[in-house]
Enquirer: 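A single structure is presented below for examination.
Order of the sequence lines sets the chain letters (A, B, ...), proteins ahead of strands, with each chain counted from 1.
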Amino acid sequence: MKKWVYIKDVSKFVGEEVLIKGWVYNKRDVGRIKFILVRDGTGIIQSTIWSKDPDCPIFEKFDKLTQESSIKVSGKVKKDERAPGGYELEITDFEIIQIAEEYPISKKNHGTAFLMENRHLWLRSIRQTAILKIRASIIKSIRDFMDKEGFILTDSPILTANAVEGTTTLFETSYFDEKAYLSQSGQLYAEASALALAKTYTFGPTFRAEKSKTRRHLIEFWMMEPEWAYAELDDVFILAQNLLVYIVERVLEERSEELKILERDTKPLEEIKAPFPKIKYDEAFEILKKSGKSQTSYGSDFGGTDETIISEKFNKPLAITHYPSNIKAFYMQPDQDNPDKILCMDILAPEGYGEIIGGSQRIHDLDLLLKKINEHKLSKEVFKWYIDLRKYGSVPHSGFGLGVERTVAWICHLPHIRETIPFPRMLYNLYP
RNA sequence: UCCCCAGUAGCUCAAUUGGCAGAGCGGGUGGCUGUUAACCACUAGGUUCGCGGUUCAAAUCCGUGCUGGGGAGCCA
């Protein structure tokens, strides 16, 4: 019985007979010599079949193979400069598990619509598997960093009775006889956990029924949200900065192969070092005004193009703080010295990728919170438990949300967020 | 929700701007002893997104619907 090995490990088995279980990525027939490119999820290896006899049984089996047919291949591992990747498998025999029907995804060009329709198959391409591996590394590095910093993972519920952001973007569902909503953010529950554990974070999917059709929006996306008792805005800014530096370092270290497949220029990533620049809304507005390229009026939120104009001035992630209070969420703490401004931060990724982190210091004063809930016409009933947090040992606390998919898009330098998650949920697009 | 663009073979696209619907890839058959999205020859494959209109004649022009793409607003 030959040893089952994965392609990523073949270099350790040069000269030995091994068994590879995989799929036909491509085949080439050059008469007496045939090539099968076998992929097994960890890599691709060129495999060769040779015989003097044009009618030998293994050639007949080869002829049946179609793209993506599943096969178990036995052969001897050889070092060979002519093979892509430098190693080659000299096939002694192979077993056909299933002959694939005509595979819809060919080696030539496809349009986005067609690829999205076949997302379940598109995932098998080298490029897509590289992105998924980088996504996995980013998630692992986020978890490792937060754990190392002493934050406790606490999960927030997906089904909730209350909104966090504007009520227009909620997915409504039924909860027996009550109405329920899919979570837009785990933050409010994380605040409760933070008062229990001091340093916490939630990690999970969030849902926004926004009718937005852009390269940076998903209907279902993943967020990591730390919440930290007694922390002020500056504390979470430093946390966010160190987190991003750590993620980039880890990806450069673990996934250089995948970044190469994506043809990602790693120089801009190598420049991601602390400290990150931090400017106030007013300064950001000045930059916009001077650029002459923006129509945004003072006091309004920045648009996607505005973010690009501002972040192009810096080669690192940039924090913009102290936004006007009327354009931010109800739970955000006003600045003591300037109550029209909010102790909040948006962190914009470089290279035009825009906002990947949004955070703030939270209101800890009971009366102020009640006033804000009133102003935003929110229900005191459903928020009773949240208001309670300000009655029993309330303290200043802060947190932020990091969008996983936007982070993946930036680090991989992807033109569109749809490739950052295995099965993106987008506007009017629930299949596959 | 608004603005712009597109829909032709399984896929990616052509079609002299209103005059015989075609090529590459993929499929099939055959050839080739080192290919790198192999190559060469032959071959099958069409309700030109649906409906209505203009015209001697519509893939092409007009109207309408559907689907998809790009962007805006909003956001991570």
Side-chain angles (χ1 to χ4, degrees), chain A residues 25-37 44 46-54 59 63 66-68 78 80-86 88 90 100-118 121-122 125-126 164-169 184-187 205-225 240 295-296 300-307 327-329 345-349 353-359 400-410 415-418 420-421 426-429 431:
Chain A
Y25 196 76
N26 193 9
K27 65 172 195 177
R28 290 186 271 270
D29 184 345
V30 195
R32 290 303 151 75
I33 184 161
K34 326 260 188 207
F35 299 89
I36 311 174
L37 292 178
I44 294 183
Q46 174 166 289
S47 312
T48 56
I49 305 172
W50 184 88
S51 174
K52 273 182 195 161
D53 174 14
F59 278 9
D63 287 339
T66 54
Q67 196 184 343
E68 286 303 316
K78 279 174 56 184
D80 195 311
E81 287 301 312
R82 294 168 295 186
E88 194 169 72
E90 207 176 78
E101 291 180 23
E102 193 183 320
Y103 195 63
I105 299 178
S106 74
K107 287 166 280 179
K108 287 264 181 164
N109 299 329
H110 292 288
T112 314
F114 177 79
L115 289 171
M116 285 308 302
E117 187 78 7
N118 289 285
L121 304 175
W122 186 23
S125 72
I126 308 180
V164 181
E165 312 290 342
T167 45
T168 50
T169 62
Q184 300 165 297
S185 160
Q187 180 205 314
T206 51
F207 308 85
R208 296 190 187 174
E210 280 161 7
K211 302 247 169 148
S212 45
K213 248 184 98 160
T214 77
R215 67 180 70 223
R216 50 229 260 185
H217 282 88
L218 288 172
I219 300 300
E220 179 181 315
F221 65 97
W222 286 68
M223 270 209 289
M224 192 286 289
E225 298 171 278
Q295 309 286 316
T296 304
S300 311
D301 208 351
F302 300 130
T305 28
D306 296 337
E307 288 182 351
I327 55 170
K328 286 289 173 181
M345 61 171 185
D346 283 358
I347 297 185
L348 311 184
Y353 277 87
E355 187 179 354
I356 54 170
I357 284 178
F400 61 81
L402 168 75
V404 170
E405 287 74 20
R406 287 187 181 177
T407 305
V408 176
W410 160 50
H416 199 293
I417 200 164
R418 67 185 148 222
T420 62
I421 186 166
M426 296 185 301
L427 193 58
Y428 312 128
N429 197 345
Y431 178 93

Enquirer: Counting distance only, does the side-chain N/O of A/Arg406 pair as donor-acceptor with the main-chain N or O of A/Arg216 below 3.5 Å?
Expert: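 Yes, because the side chain of A/Arg406 sits within donor-acceptor range (under 3.5 Å) of the backbone of A/Arg216.
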
Enquirer: State whether the aromatic ring of A/Phe221 stacks on the base of B/A76, taking stacking to mean ring centres under 5.5 Å apart and ring planes under 30° to each other.
Expert: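 The ring of A/Phe221 is stacked on B/A76.
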
Enquirer: For atom P, what is the distance between B/G24 and B/C4, given to the nearest Å?
Expert: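 Nearest-Å result for B/G24 against B/C4 at atom P: 38 Å.
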
Enquirer: Could you check whether A/Trp222 gets within reach of a base, just the sugar-phosphate, or nothing at all, counting any heavy atom under 4.0 Å?
Expert: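 Since no nucleic acid heavy atom lies under 4.0 Å of A/Trp222, the category is nothing.
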
Enquirer: Using the closest heavy atom to pick a nucleotide of RNA chain B for each, name whichever of A/Phe114 or A/Glu102 lands nearer the 5' end.
Expert: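 Checking each residue's closest nucleotide, the 5'-ward one belongs to A/Phe114.
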
Enquirer: So A/Phe35, base contact, sugar-phosphate only, or nothing? Heavy-atom distance under 4.0 Å.
Expert: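 Here A/Phe35 touches the bases of the nucleic acid.
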
Enquirer: Between B/U48 and B/C61, how many Å separate the two C1' atoms, rounded to a whole number?
Expert: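 Roughly 16 Å separates the two C1' atoms.
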
Enquirer: Of the nucleotides B/G34, B/A76, B/U33, which has the atom closest to the A/Glu88 side chain?
Expert: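 Nearest nucleotide to the side chain: B/G34.
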
Enquirer: Let's test your reading of the model: under 3.5 Å, does the base of B/U35 pair with the side chain of A/Arg28 as donor and acceptor?
Expert: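 Indeed, a donor on one side and an acceptor on the other fall under 3.5 Å apart.
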
Enquirer: Base, sugar-phosphate alone, or nothing: which one does A/Asp346 contact when heavy atoms must sit under 4.0 Å apart?
Expert: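 Nothing, no heavy atom under 4.0 Å.
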
Enquirer: Roughly how far, to the nearest 0.5 Å, is CG of A/Leu402 from CE of A/Met223?
Expert: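 Going from the CE atom of A/Met223 to the CG atom of A/Leu402 covers 9.5 Å.
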
Enquirer: Give A/Leu37 one of three labels, base, sugar-phosphate or nothing, depending on what nucleic acid heavy atoms sit under 4.0 Å from its own.
Expert: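 Counting heavy atoms under 4.0 Å across all strands, no contact is made by A/Leu37.
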
Enquirer: What integer number of Å spans the C1' atoms of B/C3 and B/A44?
Expert: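 It comes out at 45 Å once rounded to the nearest Å.
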
Enquirer: Starting the side chain at C-beta, find the nucleotide from B/A72, B/A76, B/G70 nearest to A/His416.
Expert: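 Of B/A72, B/A76, B/G70, B/G70 is nearest to the side chain of A/His416.
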
Enquirer: Mark yes or no for whether A/Glu405, through its side chain, and A/Trp222, through its backbone, hold a donor-acceptor pair below 3.5 Å.
Expert: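 Indeed, once roles are kept as given, a pair shorter than 3.5 Å links the two residues.
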
Enquirer: Would you indicate what A/Gln46 reaches in the nucleic acid, counting non-hydrogen atoms under 4.0 angstrom: base, sugar-phosphate, or nothing?
Expert: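 Contact class for A/Gln46: base.
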
Enquirer: Nearest of B/U33, B/G70, B/C75 to any side-chain atom of A/Trp50?
Expert: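 The nucleotide sitting nearest to the side chain is B/U33.
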
Enquirer: Rounded to whole angstroms, how far apart are OH on A/Tyr353 and P on B/C75?
Expert: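 Interatomic distance, OH of A/Tyr353 to P of B/C75: 22 Å.
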
Enquirer: Find the partner of B/G68: check Watson-Crick (N1-N3 plus N6-O4 or O6-N4) and G-U wobble (N1-O2, O6-N3) distances, both under 3.5 Å, and reply none if neither fits.
Expert: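 B/C5 - that is the nucleotide pairing with B/G68, both distances being under 3.5 Å.
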
Enquirer: Ignoring hydrogens and angles, answer whether the base of B/C74 and the side-chain atoms of A/Arg216 contain a donor-acceptor pair closer than 3.5 Å.
Expert: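 No.
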
Enquirer: With a 3.5 Å limit on both atom pairs, tell me what B/A76 is paired to, counting Watson-Crick and G-U wobble, or say none.
Expert: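 Its partner is none (no Watson-Crick or G-U wobble pair with both distances under 3.5 Å).
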
Enquirer: Counting side-chain heavy atoms from C-beta on, which of B/G26, B/G70, B/G34 comes nearest to A/Arg418?
Expert: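 Looking only at side-chain atoms, A/Arg418 lies closest to B/G70.
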
Enquirer: Tell me if the side-chain of A/Asp301 makes a donor-acceptor pair with the base of B/C74, cut-off 3.5 Å, by modelled atom types.
Expert: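 Answer is no: no donor-acceptor pair is held.
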
Enquirer: Check the chi torsion on B/U8 and let me know: syn if it falls within 90° of 0, anti if not.
Expert: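 B/U8: anti glycosidic orientation.
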
Enquirer: Just call it for A/Thr214: base, sugar-phosphate, or nothing, with non-hydrogen atoms closer than 4.0 Å on any strand.
Expert: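 If one applies the 4.0 Å heavy-atom cut-off, A/Thr214 turns out to touch a base.
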
Enquirer: Given the P atoms of B/U67 and B/A57, what is the spacing between them in whole Å?
Expert: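 These two P atoms come out 32 Å apart once rounded.
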
Enquirer: Have a look at A/Ile33 and say if it touches a base, only the backbone sugar-phosphate, or nothing, with a 4.0 Å heavy-atom cut-off.
Expert: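 A/Ile33: base contact, heavy atoms under 4.0 Å.
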
Enquirer: So does A/Asp346 get a backbone contact from the side chain of A/Glu355, meaning a donor-acceptor N/O pair under 3.5 Å?
Expert: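 No; zero donor-acceptor contacts below 3.5 Å.
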
Enquirer: For B/C56, which nucleotide is its Watson-Crick or G-U wobble mate, given both distances must be under 3.5 Å?
Expert: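 Paired with B/G19.
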
Enquirer: Using the C1' atoms only, state how far B/G53 lies from B/G18, rounded to an integer number of Å.
Expert: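 16 Å, rounded to whole Å.
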
Enquirer: Name the closest nucleotide to the A/Ser106 side chain, picking from B/U12, B/G27, B/C25.
Expert: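 Given the options B/U12, B/G27, B/C25, the side chain of A/Ser106 is closest to B/C25.
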
Enquirer: Heavy atoms only: give me the nearest A/Phe35-A/Val30 pair and the separation to one decimal.
Expert: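 Taking A/Phe35 first and A/Val30 second, the nearest heavy atoms are CE1-CG2, 3.8 Å.
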
Enquirer: Watson-Crick or G-U wobble partner for B/A41, using a 3.5 Å limit on both distances?
Expert: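 Base-paired to B/U29.
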
Enquirer: Write down the distance between CG (A/Asp29) and P (B/G26), rounded to a whole number of angstrom.
Expert: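 Interatomic distance, CG of A/Asp29 to P of B/G26: 13 Å.
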
Enquirer: Between B/G70 atom C1' and A/Met426 atom CE, what is the distance in whole Å?
Expert: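 Spelled out: CE on A/Met426 to C1' on B/G70 is 13 Å.
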
Enquirer: With nearest nucleotides of RNA chain B determined for A/Met223 and A/Arg82 from heavy-atom distances, which residue corresponds to the more 5′ nucleotide?
Expert: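 That would be A/Arg82.
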
Enquirer: Quick one: label A/Glu225 by what it contacts on the DNA or RNA (base, sugar-phosphate, nothing), any heavy atom closer than 4.0 Å.
Expert: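 Since no nucleic acid heavy atom lies under 4.0 Å of A/Glu225, the category is nothing.
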
Enquirer: When you measure from the side chain of A/Thr66 to the backbone N and O of A/Glu102, does any donor-acceptor pair fall under 3.5 Å?
Expert: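 Looks like no, no N/O pair under 3.5 Å.
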
Enquirer: At 4.0 Å (heavy atoms only), tell me whether A/Gly354 reaches a base, stays on the sugar-phosphate, or touches nothing.
Expert: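 The residue A/Gly354 makes no contact with any strand.
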
Enquirer: Do the side chain of A/His217 and the base of B/C75 come within less than 3.5 angstrom through a donor-acceptor pair of N or O atoms?
Expert: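 Present.
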
Enquirer: Considering only atom P, compute the distance from B/G52 to B/G45 and round it to an integer number of Å.
Expert: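 Going atom to atom, P in each nucleotide, I get 28 Å.
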
Enquirer: At 4.0 Å (heavy atoms only), tell me whether A/Pro84 reaches a base, stays on the sugar-phosphate, or touches nothing.
Expert: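 Touches a base.
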
Enquirer: What are the two closest heavy atoms between A/Glu88 and A/Asp80, and how far apart are they?
Expert: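 Scanning both residues completely, I find the closest heavy atoms to be OE1-OD2, 3.5 Å.
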
Enquirer: Checking the side chain of A/Arg208 only, and the main-chain atoms of A/Gln184 only, is there a donor and an acceptor separated by less than 3.5 Å?
Expert: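 Checked: pair present.
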
Enquirer: Distance check, C1' atoms only: B/U47 and B/A58, in whole angstrom units.
Expert: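 Here B/U47 and B/A58 have their C1' atoms 15 Å from each other.
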
